[in-house]
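Chain letters run A, B, ... following the sequence lines, proteins first, then strands; residues in each count from 1.
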Amino acid sequence: MTATGSNGEEMNATFNVELFNRSPLLVAPYLLGSVISRDSDEGRVSVRITEVEAYLGVGEDPGAHAHRGKTRRNSTLFGPPAHLYVYFTYGMHHCANVVCQPDGTASGLLLRGGEVVEGIELARSRRGPRVSDRNLARGPGCLTVAMGIDLADNGSDLSKLPFALNVTGDTSDYLSGPRTGINGPGGTEEYLFRFWIPNEPTVSAYKRHPKLARPIA
DNA sequence: TTTTAGATCGTCT
DNA sequence: GACGATCTAAAAA
């Protein structure tokens with residue numbers, strides 16, 4: 001399934017697009033441990049993915065952007081798989097998803113955290129001089145900053161430059177739990193759609209949503 | 001160590 | 001006009 005060449009450094013499509021035709025719940029173990037790269041004029045930053053969150057399609061997942069159908073913002077989710085869905089939130093953060101399932105079906109995997117394995121200096125120049133290695137791409141907003149991803153990357157094909165995705169294979173050693181930051185239905189133990197690699201310092205800490213932390217009036 | 005508030009703007013109602 | 005698939009600094013415990 002993986003077209004591994006002798007010059008792995010130059011390859012930018014070391015994965016089978018068919019893999020992403022499936023539900024994100026099945027794709028997640030393959031994305032964990034995989035390495036995503038992005039080139040820019042300044043150089044390349046590569047991140048080994050250690051934490052993801054699955055979001056299902058129309059009517060299946062109250063916490064998903066696609067839940068209420070296609071809009072201008074989420075249209076990339078409805079497009080072909082193995083493309084990047086980037087959105088802007090909280091007035092200051094970008095988040096990146098890998099689109100799953102065939103063209104016309106909306107679902108994806110949110111990249112929540114990872115370990116910078118290439119271009120650490122460039123990543124730090126984007127994040128700040130005082131940020132420790134483990135925190136460079138820890139958290140969805142931090143990951144996009146470290147890689148230099150913004151709205152201009154929305155809809156990018158991950159098998160084409162400036163992106164590269166190296167799927168290393170099934171990661172059998174992983175844990176799952178409730179998603180973070182989701183309000184109301186979809187944010188509870190009902191949906192164990194968050195996946196991460198155990199004992200990884202680059203996995204973001206679980207935080208309750210502020211509204212859920214408040215005493216019930 | 002844990003919790004809180006504030007920043008800030010594109011998108012949808 | 002309201003509200004986020006969040007982050008950080010700073011206060012509280």
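Evaluation of the salt bridge (Lys or Arg N to Asp or Glu O under 4.0 Å) rule for Asp39(A) yields Arg44(A) as partners, not counting sequence neighbours. Residues meeting the side chain to side chain contact (heavy atoms under 4.5 Å, CB included) test with Phe88(A), sequence neighbours left out: His94(A), Leu151(A).
Summarising the geometry, the separation between CD on Glu51(A) and C1' on dA5(C) is reported as 12 Å, rounded to the nearest angstrom. Arg194(A) places its CZ atom 14 Å from the C1' atom of dT6(C), with the value rounded to the nearest Å. Atom CZ in Arg126(A) sits roughly 19 Å away from atom C1' in dC7(C) (whole-Å rounding). Between His65(A) atom NE2 and dC12(B) atom C1' the separation is 11 Å, expressed in whole Å. Nucleotide dC12(B) holds its P atom 14 Å from the CZ atom of Phe88(A), rounded to whole Å. One atom, OH of Tyr85(A), and another, P of dG10(B), lie 15 Å apart when rounded to the nearest Å. Atom CD in Glu53(A) sits about 11 Å away from atom P in dA5(C), given to the nearest Å. Rounding to whole angstrom units, CZ of residue Arg68(A) and C1' of dG4(C) are separated by 12 Å.
Counting any heavy atom pair closer than 4.0 Å across all strands shown, Arg130(A) reaches no nucleic acid atom.
Each of Thr168(A), Leu19(A), Leu111(A) was evaluated against Leu31(A); a single residue qualifies, Leu111(A), per the side-chain contact (heavy atoms from CB on, under 4.5 Å) test. Under the side-chain contact (heavy atoms from CB on, under 4.5 Å) rule, Phe20(A) has a single partner from Ser107(A), Pro81(A), Pro102(A), which is Pro81(A).
By the stacking rule of 5.5 Å between ring centres and under 30° between planes, Tyr87(A) does not stack on the base of dA5(C).
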Passes side chain to side chain contact (heavy atoms under 4.5 Å, CB included), Leu25(A) versus Phe193(A)? Steps please. CA-CA 7 Å; Leu25(A) 299 175; Phe193(A) 288 174; 3.4 Å; yes

Show your reasoning for whether side chain to side chain contact (heavy atoms under 4.5 Å, CB included) applies to Leu110(A) and Val52(A). CA-CA 5 Å; Leu110(A) 169 67; Val52(A) 298; over 6 Å; no

Verdict with reasoning, Ser172(A) to Asp170(A), per side-chain hydrogen bond (donor to acceptor under 3.5 Å, both in side chains): CA-CA 6 Å; Ser172(A) 56; Asp170(A) 189 357; over 6 Å; no

Determine whether Val45(A) and Glu118(A) satisfy the following criterion, side chain to side chain contact (heavy atoms under 4.5 Å, CB included), listing intermediate values before the conclusion. CA-CA 5 Å; Val45(A) 169; Glu118(A) 186 179 7; over 6 Å; no

Report the C-alpha separation of Thr202(A) and Arg112(A) in whole Å, then their side-chain angles, then the decisive distance to 0.1 Å, and conclude whether the side-chain hydrogen bond (donor to acceptor under 3.5 Å, both in side chains) test is met. CA-CA 10 Å; Thr202(A) 54; Arg112(A) 286 199 55 86; over 6 Å; no

Evaluate the side-chain hydrogen bond (donor to acceptor under 3.5 Å, both in side chains) criterion for residues Tyr55(A) and His67(A): first the C-alpha distance (whole Å), next the side-chain angles of each, then the deciding distance (0.1 Å), finally the verdict. CA-CA 9 Å; Tyr55(A) 288 88; His67(A) 179 240; over 6 Å; no

Taking Watson-Crick and G-U wobble contacts under 3.5 angstrom, with | marking pairs to another strand and [ ] crossing pairs, the secondary structure of DNA chain B is written |||||||.||||.

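The stretch residues 131-141 of chain A comes close to DNA chain C through Gly139(A), Pro140(A), Gly141(A), each having a heavy atom under 4.0 Å from the strand. The stretch residues 91-106 of chain A comes close to DNA chain B through Gly91(A), Met92(A), each having a heavy atom under 4.0 Å from the strand.
Close to dT13(B), at under 4.0 Å from its OP1 or OP2, lies no side-chain N or O of Arg73(A). Contact check, Arg112(A) against dT6(C): a side-chain N or O comes under 4.0 Å of OP1 or OP2.
Which of dT8(C), dA5(C), dT11(B) sits closest to the side chain of Cys142(A) comes down to dT8(C). Of all nucleotides listed (dT8(C), dC12(B), dG4(C)), dC12(B) comes nearest to the side chain of Arg72(A).
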Please output the side-chain donor-acceptor pairs of residues 135-143 of chain A that fall under 3.5 Å, not counting sequence neighbours, one pair per line with the distance.
residue	atom	partner	partner atom	Å
Asn135(A)	ND2	Ser132(A)	OG	3.2
Arg138(A)	NE	Pro201(A)	O	3.2
Arg138(A)	NE	Val203(A)	O	3.1
Arg138(A)	NH2	Val203(A)	O	3.2

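Put simply, the side chain of Tyr90(A) and the base of dA7(B) share no donor and acceptor less than 3.5 Å apart.
Val145(A) and Met147(A) fall into different hydrophobic clusters, where Ile, Leu, Val, Met, Phe, Trp and Tyr side chains are chained together by heavy-atom contacts under 4.5 Å.
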